[in-house]
Amino acid sequence: MNSSLLDGLNPPQLEAVTLPDVSALILAGAGSGKTRVLTTRIAYLIQSRRVSPSGLLAVTFTNKAAREMLTRLSAMLPINTRGMWIGTFHGLCNRLLRAHHREAALPQSFQILDSSDQLSMVKRVMKSMNLDDEKFPPRQVQWFIANNKEHGLRASAVDTTDDFSRRMNEVYELYDQQCQREGVVDFAELLLRAFELLSRNEILREHYRARFHHILVDEFQDTNKLQYGWLRLLAGRDNFVFAVGDDDQSVYRFRGAEPGNMFGFDRDFPGARVIKLEQNYRSHGNILDAANALISHNRTRLGKNLWTAEGSGEQLRVYEAPSDLDEARYIVDEVRNLRAEGMRSTDIALLYRSNAQSRVLEHALFGAGLSYRVYGGLRFFERQEIKHALAYLRLIANPEDDGALLRVINFPTRGIGARSIESLQESATVHGTSLWQTACSNPPGGKAGASIGTFVRLIEGLRNSVTGLPLAEIVEAVVGGSTLKDHYQTERDGAERIENLDELVNAAATFNSEDLYDPAAPDGGAVDPNDPLAMLNAFLAHAALEAGEHQAGAGEDALQLMTVHSSKGLEFHAVFVSGMEEGLFPHENSLNEEDGLEEERRLMYVALTRARRRLYLTYAQSRMLHGQTRYHIRSRFFDEIPEQLLKRVNAVPQRSALGGMSSFGGFGRSSGGGGGNSLASSVAASASGWRVGQNVTHPKFGAGVIVNAEGRGADARVQVNFRDAGVKWLALEYAKLSAA
DNA sequence: TACCTCCACGTTTTT
DNA sequence: CGTGGAGGTA
């Protein structure tokens, strides 16, 4: 039994899985069996080391990762995973706070704000302060609040240095007060509140410390300061943290991730072991060599080199397109070829640095009749109609939730306009009560008051009618009774919204209380499926914490389109990385940021290591961006990959723009590939040392940029758009052009 | 209240 | 170019 568990592990994997009681940092390279090691470690602890499943805490970054861990674990062990604390940081903190809501000073039915709810709340608070949202962009204030919370800082602890941040901090303070009044918490608050609860409350802290001797963390490089503090707090001196991560795949620094948590691990956990998993089971050698070479240009690294027992495989295919349209056309052609060879579409990924780049690709794919799926769109629980229905439900669960009330008090419209709402808010401020209480006891007079009375009776009627009903019937009654469906019936594209509302009822019906309910759990964190209110709260928390798969329509054989960020953790047989241009990838904004280029390089490393067998890197000389054609040179990342690993498939010999020989100098073989006249132009221009998009100066015409080229050798001519002199064709042999 | 037009903006994003 | 938000008008 035990041996089968460990069968097939390589020596470092085996060492990691069977470590004694110590803290450990597992540096797991891309495709090195990270998830396998993590889950096998859990299984090993339970089976061989007789650790009780309830004595383990495993924390991930995403719900998907948590689900996968649970699935794999139940396949490995004949145990009930229900009582186990495996989940996301936010999910586990929610669980903790529900179980100890009194100690955490929260109402039992506290609700969770997602980012858009949080933004509305910020706007509302700023409005009450009469803060100019021109001068203080709400998004920036929202970021300020979240960022401070993620550093463990309450408003009272924020060190404000200037008037601007002092003012934002005032919003922060009032925002927190308002959340507290309403009984709502934002995402960062879940973590901070749980952290403070355990810091302050010694009894609880010791209870959980005594319980969780083993704490396992996935994607450790993505943890922020607060999450790290939370881990350390729970670990105390006597427990063991098993952290798995890859500093080379840290690409969320912009969102608060502190890869530095990895670098300080052995300082904070004295005696911690460090194990590197460097054998890659995913990619062929050339792909890994390219990735290794690229990432070696980063200075801030723990240091790791992937290797594979497989052969070198193919070279990386590099395609230079005259334009983004040609690039898309080439990709479509190649996809067709791959499919003709029998590759499934789902095994092919089209990656890009930023979402805006998907449009051209989608257009080309659509035109070619190839089915594709774009990741990163609007998610189920974020849809307008779903948020509305959830707001009705939230209001029933917790009437103090002003945000929920404001969302639906006049949706569908019932004659409560901006003025009525404003006077309601004023009255609430005067009386120091929630909007709901004000609407009940101190409604404004006149017609507005009458409409508000109708709304109050609607909500009360709904609340009474669903008391004691099972979850699905509650949701069904509210979706129906709210007249949301009737409203969408009259809308032009309301049919899909109605479908989604029906889908919400289904989601409630299949909402799995089993995952949450463990009768044997020693703490009170379990949700009793027979307690309708508890189930409703759990469902609403689920809606906020797990916004749902991006889109339906999964399952069918479709190409996978996504940003490089979204591709982290996935793998594909063939991968196209498009838009490999300076300014796009690395993104121009990153160049001004501290460590920005290194993060871009890590991102590129992620992109390269997604591919198992075939990897395409494509770029375009010209690209439509923000409504105008822009000219970029190919990404510097090409220069960081050894030449012999690259194969230029459209054989454009090219000298670099700055005059030196490019890393492609040795390629001259001609093969297929799209392109038309403009391709010929690019050949002409680049062969002569000039390229489209290059800035030049002319002794007579002054400064300009090359916009086109034709001919070769003595006939080569370039078209230059001069700042002052307009567009002119110049023969290269005679014109005294120089690079600017 | 609803619709329309104009303007600003444009990296990555989970919970 | 395309979108989303804001503000103005019917």
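First the proteins, then the strands, lettered A, B, ... as listed; each starts at 1.
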Practice problem: Kindly say if A/S115 contacts the phosphate of B/dT13, meaning a side-chain N or O under 4.0 Å from OP1 or OP2. | Solution: no
Practice problem: Could you pull out all residues at least two apart from A/N298 that satisfy side chain to side chain donor-acceptor pair (under 3.5 Å)? | Solution: A/R601
Practice problem: Starting from P on B/dT1, measure out to NE2 on A/H487 and report it in whole angstrom. | Solution: 12 Å
Quiz item: Reckon A/N410 touches a base, only the sugar-phosphate, or nothing at all at heavy-atom distances under 4.0 Å?
Solution: sugar-phosphate
Practice problem: Using the side-chain hydrogen bond (donor to acceptor under 3.5 Å, both in side chains) rule, take A/N355 and A/S358 through it: C-alpha gap first, then chi angles, then the decisive distance, then the call. | Solution: CA-CA 6 Å; A/N355 283 306; A/S358 76; 5.9 Å; no
Quiz item: To the nearest Å, how far apart are A/L119 CG and C/dG4 P?
Solution: 15 Å
Quiz item: Is the shortest side-chain N to carboxylate O distance from A/D246 to A/K34 below 4.0 Å?
Solution: no
Practice problem: Check salt bridge (Lys or Arg N to Asp or Glu O under 4.0 Å) between A/R253 and all other residues, then give those that pass, not counting sequence neighbours. | Solution: A/D595, A/E599
Quiz prompt | Reading 5' to 3' through nucleotides 3-9 of chain B, protein heavy-atom contacts under 4.0 Å coded B for base, S for sugar-phosphate only, - for none | solution = -------
Quiz item: Does the aromatic ring of A/F254 sit over the six-membered base ring of B/dT12, closer than 5.5 Å centre to centre and tilted less than 30°?
Solution: yes
Exercise. Describe the nucleic acid contact of A/N355 in one word from base, sugar-phosphate, nothing, applying a heavy-atom distance below 4.0 Å.
Key: sugar-phosphate
Quiz prompt | side-chain N/O A/N224 vs B/dT15 OP1/OP2, d < 4.0 Å | solution = no
